[in-house]
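Contents: one structure, followed by commentary.
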Amino acid sequence: MRSKYERKAQKILEEDGYLVDFKIRPSSFRVPRGYMVDFFGLFDLCAYKLNNPLRWISIKGRAGIPSTHRQAIEAFKIPLGNIKEIWSFSKKRVKQEIID
């Protein structure tokens with residue numbers, strides 16, 4: 001099941017003209033050992049818009065962004081023309097960070 005933050009982020013992106021893909025998460029009791037439910041084990045959404053970089057987005061809720069998760073995304077190498085992002089949600093706003 002997808003989190004409300006993932007659905008909210010998808011809606012924001014689609015309103016901006018992006019096509020959004022996400023991994024379907026099987027129910028936890030059926031997940032095979034070693035099965036990755038995120039893209040590359042890090043990203044929740046992939047957003048595409050013609051003539052724009054491909055966006056790989058990790059979604060975090062109100063608990064914030066763990067430093068180990070940020071470090072894993074920073075260490076993950078992607079090709080040119082792609083952007084890594086982390087979005088976190090508070091009660092009133094969405095914080096979007098581009099990770100180099």
Within the 4.5 Å heavy-atom criterion, are [X] and [Y] side-chain neighbours or not?
X	Y	answer
R55	L13	yes
S58	I73	yes
V94	Y5	no
K60	H69	yes
L45	W87	no

Identify the two heavy atoms, one from L42 and one from D38, that lie closest to each other, and give their separation to 0.1 Å. N-CB, 3.8 Å
Using the rule that two of Ile, Leu, Val, Met, Phe, Trp, Tyr join whenever any of their side-chain heavy atoms come within less than 4.5 Å, decide whether Y48 and I83 are in one cluster. no
Measure from the side-chain N and O atoms of K49 to the backbone N and O of D16, and report whether any donor-acceptor pair falls under 3.5 Å. yes
Please test K84 against I98 for side chain to side chain contact (heavy atoms under 4.5 Å, CB included), starting from the C-alpha separation and ending with a verdict. CA-CA 6 Å; K84 301 178 286 186; I98 296 176; over 6 Å; no
Please assess T68 against R70 for the test side chain to side chain contact (heavy atoms under 4.5 Å, CB included), listing each intermediate value before the final yes or no. CA-CA 5 Å; T68 54; R70 178 187 300 279; over 6 Å; no
Are a donor atom and an acceptor atom from the side chains of Q10 and E6 found within less than 3.5 Å of each other? no
Identify which one of L50, I12, N52 satisfies the side-chain contact (heavy atoms from CB on, under 4.5 Å) criterion when paired with Y18. N52
Between F76 and the options F40, F39, W56, the ring-ring contact (aromatic ring centres under 6.0 Å, His included) test singles out F40
Quick one, C46 with L54, criterion side chain to side chain contact (heavy atoms under 4.5 Å, CB included). Give me CA distance, side-chain angles, the key distance, then yes/no. CA-CA 7 Å; C46 179; L54 189 61; 3.7 Å; yes
